[in-house]
Number of protein chains: 2
Amino acid sequence: MQNSDLTVDREAHPPGRIQRANSLAGDVYEAIFAQLMSLRIAPGSRITVDNLVKEFNVSHTPIREALGRLEGEGLVMKTHLIGYRAAPQITRRRFDELYELRLLLEPAAAAKATVTLDDERLAVLQEAAGVMARRVGKDERLRYSNFARQDAIFHDKIAEFARNELIRETLNHQHTHFHIFRLMYHSRVTEEALDEHEAILAAFSAGDPDAAEKAMRVHIENSRDRLLPAFE
Amino acid sequence: MQNSDLTVDREAHPPGRIQRANSLAGDVYEAIFAQLMSLRIAPGSRITVDNLVKEFNVSHTPIREALGRLEGEGLVMKTHLIGYRAAPQITRRRFDELYELRLLLEPAAAAKATVTLDDERLAVLQEAAGVMARRVGKDERLRYSNFARQDAIFHDKIAEFARNELIRETLNHQHTHFHIFRLMYHSRVTEEALDEHEAILAAFSAGDPDAAEKAMRVHIENSRDRLLPAFE
DNA sequence: CAATCCTATATCCTATACGATTTTATAGGG
DNA sequence: CCCTATAAAATCGTATAGGATATAGGATTG
């Protein structure tokens, strides 16, 4: 079996736990997923099985299975006898809906997370808030990439500490779509967001659930307003 | 091509819109989905590709693709070299998380829906609230099946009228899992729920968003408490 | 008798070749 | 310019074969 381009490390298992080798279909899934998240496959563009066969040097079978899985997650769409294509770019309407959803979930999660925090968890959030890494690097592109990753971790950790995996999964699922959208409009959105992260962090430190909820709401509303110009 | 057991009507397209014929993979997906929703495939049980090949008289290819899609939706799980299995029954923890999510989304949706209602939409909700069908049928099983369908429509329509497709999809997605769970514990849960539907409906009729929000919250909390004994 | 090892079968996973059907592109005619 | 017809390309599904692994049951050994 040749496996030239997937480049997956099958050896990196966490200590103590057995890890089954990945299936080829799983590797292909991750490879396509990564290409979608990095815009190497643009939103709305076609995805042909034959091209992937050539690119990955694997047969149709695992690719079809992986594409089916991506379809189930809403990241690709299939039309009979036409083929697969990447999910289209987010619409303005969808954008509004996404922020409405976030405003219902994330402030509540922030409030709930507040009461579960200890020093260790606070440190995790502080790390993820990106306060330290603020001035690191002058390459605009790299800078943004760091921000995006830390922002995702920051929000995800809050959902985790709120002890609701379902809400966490829901937000993460939407985040994949959101990430693709945001990648195309990353001006210097980052600076203000980092300030707001600090404000949320301050409420956490103070152990004030109401303040955390409010700060999160403000953060998300501002985030929305910062990205809104992308639709004009 | 033989297509003995899928029994899909390819002719029923809505007027005015062209509809491509379904792919076989799509038909297989729907067939498996239906079996999961009707408990013909029990939660946690194994799903072998070969069995489906024999049952549906189709080859491996579309079945694997359909199973991949179900995996992406979280309805089946795959373990390498072991195979697919139906997603396990919902846990108590997950149950709590689900209701926490519903309490964040559905009351808000009810409030938002209230202001968009007109006579026509109100009639739709009245129909879906199941007020009419309350005394229809004495067969306990059929009776419950009717309740489940109408309950799903009632909540879905509210989400639709709230004009947020994303929230609607999120709730529907969760409802899939919830439905499977509830199928196993359907005592006489229905009567009270129908009363609560009427209470929500009254708030809609009065055009009172706050009352709708509150009634929905009460309904969901009661629904949770009615189902809670299932875990003991 | 119990524990371990081994073997056999079933199942999964992938590759490959082929045919059927449909889309898409191209060219020609009105 | 638009429509139609033919040809090329792509998709979808089938069938089949072989390698790899899991699982169960039996054989061996202490």
Side-chain angles (χ1 to χ4, degrees), chain A residues 1-8 10-11 13 17-32 41 44-72 76-87, chain B residues 1-8 10-11 13 17-32 41-42 44-72 75-87:
Chain A
M1 174 175 58
Q2 66 283 63
N3 188 340
S4 55
D5 290 311
L6 292 177
T7 64
V8 175
R10 297 164 177 275
E11 315 310 331
H13 26 208
R17 304 191 61 176
I18 31 172
Q19 174 129 2
R20 270 174 215 275
N22 296 332
S23 68
L24 243 193
D27 292 346
V28 170
Y29 165 83
E30 289 180 15
I32 300 173
I41 298 177
S45 63
R46 292 193 61 178
I47 302 176
T48 69
V49 175
D50 284 335
N51 285 346
L52 294 175
V53 165
K54 279 176 270 184
E55 183 178 354
F56 294 146
N57 278 312
V58 299
S59 73
H60 288 189
T61 313
I63 290 178
R64 299 277 286 265
E65 196 166 341
L67 284 172
R69 191 167 152 200
L70 289 164
E71 187 192 6
V76 309
M77 306 182 59
K78 181 186 171 183
T79 313
H80 184 47
L81 294 177
I82 302 286
Y84 286 96
R85 58 179 55 241
Chain B
M1 174 175 58
Q2 66 283 61
N3 187 340
S4 55
D5 290 310
L6 293 178
T7 64
V8 174
R10 297 163 177 275
E11 317 309 330
H13 27 206
R17 305 193 59 178
I18 37 174
Q19 176 130 3
R20 273 172 213 275
N22 296 335
S23 70
L24 200 45
D27 292 346
V28 170
Y29 165 83
E30 289 180 15
I32 301 174
I41 297 177
S45 64
R46 290 195 59 179
I47 303 175
T48 69
V49 175
D50 286 337
N51 285 345
L52 294 175
V53 165
K54 279 177 270 183
E55 183 177 354
F56 293 146
N57 278 313
V58 298
S59 70
H60 289 188
T61 310
I63 291 179
R64 298 198 81 93
E65 196 166 342
L67 284 172
R69 192 169 152 199
L70 289 164
E71 186 192 8
L75 287 169
V76 308
M77 305 181 58
K78 180 184 171 183
T79 312
H80 184 47
L81 294 177
I82 304 286
Y84 286 97
R85 58 180 54 242

Problem set entry | For the student: nearest non-hydrogen atoms of A/Met77 and A/Ala87, plus distance | CG-CA, 4.4 Å
Problem set entry | B/Leu24 versus B/Pro62, closest heavy-atom pair with distance | C-CB, 4.3 Å
Look for any protein N or O under 3.5 Å of an N or O in nucleotides 5-11 of chain D and output each such pair with its distance, or none.
unit_1: D/dT11; atom_1: OP2; unit_2: A/Asp50; atom_2: OD2; d: 3.2

Exercise. Is there a side-chain polar atom (N or O) of B/Ser59 under 4.0 Å from OP1 or OP2 of D/dT14?
Worked result: yes
For this session: Specify the separation, in whole Å, of atom CG of A/Asn22 and atom C1' of D/dA20.
Result: 16 Å
For this session: For B/Asn51, enumerate each residue passing the side-chain contact (heavy atoms from CB on, under 4.5 Å) test, keeping only those at least two apart in sequence or located in another chain.
Result: B/Thr48, B/Lys54
For this session: Measure from CG on A/Asp27 to C1' on C/dC13 and round the result to the nearest Å.
Result: 13 Å
For this session: Provide, to the nearest angstrom, the distance between the NZ atom belonging to B/Lys54 and the C1' atom belonging to C/dC12.
Result: 14 Å
For this session: Round to a whole Å and report the spacing from NZ of B/Lys78 to P of D/dA22.
Result: 14 Å
Exercise. Partners of A/Val53 by side-chain contact (heavy atoms from CB on, under 4.5 Å), sequence neighbours excluded?
Worked result: A/Val49, A/His60, A/Ile63
Exercise. Which sits closer to the 5' end of DNA chain C, A/His60 or B/Asn51, going by the nucleotide each is nearest to?
Worked result: B/Asn51
Problem set entry | For B/Ala25 against B/Ala66, the heavy-atom pair lying closest together | O-CB, 3.7 Å
Problem set entry | Minimum heavy-atom distance B/Lys78-A/Ser23, with the two atoms named | NZ-OG, 3.5 Å
Problem set entry | Spacing between B/Asn57 atom CG and D/dA15 atom C1', to the nearest angstrom | 14 Å
Problem set entry | Partner residues of A/Arg64 under the salt bridge (Lys or Arg N to Asp or Glu O under 4.0 Å) criterion, sequence neighbours left out | B/Glu65
Problem set entry | Contact list for residues 44-53 of chain A, test salt bridge (Lys or Arg N to Asp or Glu O under 4.0 Å), sequence neighbours left out | none
Exercise. Where along residues 61-69 of chain A does a heavy atom fall under 4.0 Å from DNA chain C?
Worked result: A/Thr61, A/Pro62
